[in-house]
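When a ligand or atom number is given, it counts from 1 through the structure's own listing order.
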Amino acid sequence: MTDIIIIGAGTAGMTAAIYARRAAKTVIVFEGMSYGGQIINTPEIENYPAIAGISGFDYATKLFEQCSALGAEIRFEKVTALEDKGAVKAVTTPNGTYEAKAVIIATGSENRKLGVEREDALVGKGISYCATCDGGFYRGKRVAVVGGGNTALEDALYLADIASDVYLIHRRDTFRGEQATVDSLSARENVHFVLCSRVTALVGDPRLEGIEVTDNEGNVQVIQVSGLFVAVGRIPNNREFAQLIPLDEGGYVAAGEDCTTPVPGIFAAGDNRSKAVRQLVTAAADGAVAATQAISYINLGS
Ligand code: NAP
């Protein structure tokens with residue numbers, strides 16, 4: 001019987017492992033892909049306190065080494081099921097079933113892709129899914145944001161202070177995001193609304209140089225931009241747990257800032273949890289909170 005099983009070796013999961021090991025709990029971290037989570041795709045992190053600059057890969061590797069050195073066992077097995085048996089939680093992977101006193105689900109979320117040709121190839125070469133992470137690389141340049149939710153609107157506003165011009169591409173003429181933010185964007189001279197339109201092709205090789213945009217009437221234009229920020233929603237990786245843990249309408253675990261779920265002994269940490277700010281630093285914070293809660297749950301026996 002392991003004390004704490006952590007599902008997901010991203011920032012939240014590996015931070016939880018550090019806290020759990022420092023409290024002398026036995027820990028297995030299950031990871032279905034490679035360690036690090038989505039940060040591994042970020043070329044340069046510049047917003048993590050006390051680290052002025054580090055690549056996502058180097059950051060994730062240091063975190064992996066830190067939690068391994070503390071004695072967390074990291075197994076590259078994809079969790080396919082989680083069962084609550086009261087005091088015992090059963091975690092199943094293709095290699096078998098493991099039991100734990102507490103489980104932390106830290107499976108993160110995936111960016112919804114636009115689905116345009118060469119989108120994956122241009123990530124880090126003009127395409128980004130995170131304006132707060134990568135906006136600083138586009139100082140004085142022309143960028144586009146695609147999407148009509150709060151993320152796209154707030155990304156556009158954030159980028160309007162950095163970039164020379166921001167093109168906001170949205171497939172409808174009304175926004176899912178807040179009107180107050182739309183009003184703020186309308187007041188900016190360097191923000192250009194391109195509505196009832198979709199990005200239909202990416203121009204430039206090996207870096208992005210422009211986007212082909214097609215409106216709902218079929219008219220095509222090419223907009224020269226060096227950055228395209230895709231903000232068309234996220235897909236949380238919670239499918240395996242939907243029967244056990246309540247999810248909100250977006251599919252996120254409906255856990256608050258204390259990372260507890262309605263199931264005693266099961267906690268949620270990081271980007272797969274309902275929250276307003278999804279950043280590296282908040283994922284790390286969640287890992288610390290969830291581990292502390294799990295440690296108390298085990299020590300207090302409830
Ligand atoms: P979202 O609200 O789901 O919006 C996604 C947007 O992308 C929608 O406008 C959608 O268009 C568009 N879209 C989806 N698929 C597309 C595609 N294939 N091609 C083009 N456009 C596509 O996602 P979000 O903006 O990431 O926000 C997620 C949640 O977090 C929301 O509840 C939001 O309010 C919340 N949030 C809150 C804050 C805050 O409180 N400050 C900040 C950010 C996010 P349609 O509208 O036409 O469907």
Side-chain angles (χ1 to χ4, degrees), residues 12 37-38 41-42 47 107-120 122-123 126-135 143-161 166-186 191-202 208 211-221 223 225 227-239 246-257 268 270-283 285-286:
Q38 61 173 319
N41 300 318
T42 298
N47 59 1
T107 41
S109 63
E110 297 163 19
N111 296 305
R112 181 175 288 125
K113 301 278 176 75
L114 270 181
V116 182
E117 209 174 317
R118 294 197 305 123
E119 182 174 356
D120 287 341
L122 289 169
V123 171
I127 295 211
S128 170
Y129 298 85
C130 178
T132 27
C133 313
D134 300 329
V143 300
V145 176
V146 57
N150 277 322
T151 301
L153 298 178
E154 291 182 11
D155 283 359
L157 203 52
Y158 177 81
L159 290 164
D161 285 335
V166 178
Y167 294 85
L168 180 58
I169 323 282
H170 179 37
R171 64 186 179 184
R172 297 186 293 124
D173 62 355
T174 55
F175 290 94
R176 197 176 284 273
E178 286 180 21
Q179 186 59 41
T181 320
V182 177
D183 293 343
S184 300
L185 286 167
S186 303
V191 174
H192 316 286
F193 290 83
V194 184
L195 302 180
C196 302
S197 299
R198 294 167 190 264
V199 176
T200 43
L202 304 170
L208 185 77
I211 51 174
E212 178 193 276
V213 175
T214 304
D215 72 15
N216 292 351
E217 313 278 282
N219 302 306
V220 179
Q221 61 170 318
I223 303 174
V225 290
L228 174 64
F229 290 84
V230 179
V232 296
R234 299 191 61 79
I235 305 170
N237 298 319
N238 290 328
R239 286 172 290 273
L247 305 180
D248 69 14
E249 68 280 357
Y252 294 94
V253 177
E257 291 298 315
D271 282 6
N272 66 329
R273 177 176 80 77
S274 284
K275 52 169 34 183
V277 181
R278 293 194 170 85
Q279 290 284 292
L280 201 55
V281 71
T282 59
D286 268 21

Checklist entry - Are side-chain heavy atoms of Val194 and Ile223 found at a separation under 4.5 Å? => result yes
Item to check | Greater than 12 external heavy atoms within 6.0 Å of Gln221's CD | outcome: yes
Next on the checklist: Closer than 4.0 Å and a protein heavy atom, does any atom meet both conditions relative to atom 35 (C) of ligand 1?
Outcome noted: no
Item to check | For His170, the option from Leu195, Val146, Leu153 that meets side chain to side chain contact (heavy atoms under 4.5 Å, CB included) | outcome: Leu195
Item to check | Value rounded to 0.5 Å, distance of CD1 in Ile211 from CD1 in Ile169 | outcome: 4.0 Å
Checklist entry - Which of parallel (below 30°), tilted (30 to 60°) and perpendicular (above 60°) describes Tyr167 and His192? => result tilted
Checklist entry - In ligand 1, which numbered atoms sit nearer than 4.0 Å to a non-hydrogen atom of Thr151? => result 24 (P), 25 (O), 26 (O), 27 (O), 43 (C), 44 (C)
Item to check | Any residue meeting side-chain hydrogen bond (donor to acceptor under 3.5 Å, both in side chains) with Thr151, in chain and number order, not counting sequence neighbours | outcome: none
Checklist outcome for this item: Nearest heavy atom to atom 6 (C) of ligand 1, choosing from Ser109, Ser274, Ser197, Gly148, belongs to Gly148
Checklist entry - When you measure from atom 14 (C) of ligand 1 to each heavy atom in Val146, Val277, Val232, Asn150, which option holds the nearest one? => result Val232
Next on the checklist: If you count heavy atoms of other groups shown closer than 6.0 angstrom to CD of Glu117, is the number above 12?
Outcome noted: no
Next on the checklist: Is atom 28 (C) of ligand 1 touching the protein, meaning some protein heavy atom lies under 4.0 Å away?
Outcome noted: no
Next on the checklist: Just so I know, are the side chains of Lys113 and Tyr129 near enough to count as touching, which here means a heavy-atom distance under 4.5 Å?
Outcome noted: yes
Item to check | Taking atom 23 (O) of ligand 1 as the reference point, the nearest protein heavy atom with its distance | outcome: Gly233 CA, 3.6 Å
Checklist entry - Counting each atom of ligand 1 from 1 as listed, which ones have a heavy atom of Arg172 under 4.0 Å away? => result 45 (P), 46 (O), 47 (O)
Checklist entry - Distance below 4.0 Å between atom 31 (C) of ligand 1 and any protein heavy atom? => result no
Checklist entry - Is the shortest N/O to N/O distance between Arg176 and ligand 1 below 3.5 Å? => result yes
Item to check | Test item, Glu178 contacting ligand 1 (heavy atom, 4.0 angstrom) | outcome: no
Checklist outcome for this item: Taken to the nearest 0.5 Å, the spacing of Arg234 CZ from Gln38 CD works out to 4.5 Å
Checklist entry - Can you list the residues that meet the salt bridge (charged side-chain N to carboxylate O under 4.0 Å, His left out) rule with Asp161, with sequence neighbours excluded? => result Arg188
Next on the checklist: With a heavy-atom distance limit of 4.0 Å, tell me whether Arg234 approaches ligand 1 through its side chain, its backbone, both, or neither.
Outcome noted: neither
Item to check | For atom 17 (C) of ligand 1, closest protein heavy-atom neighbour | outcome: Arg171 NH1, 3.5 Å
Item to check | ligand 1 N/O within reach of Gly149 N/O, cut-off under 3.5 Å | outcome: yes
Checklist entry - Does the protein put a heavy atom less than 4.0 Å from atom 40 (O) of ligand 1? => result no
Next on the checklist: Can you name the atoms of ligand 1, numbered from 1 with element, that are less than 4.0 Å from a heavy atom of Glu154?
Outcome noted: 38 (C), 39 (C), 41 (N), 42 (C)
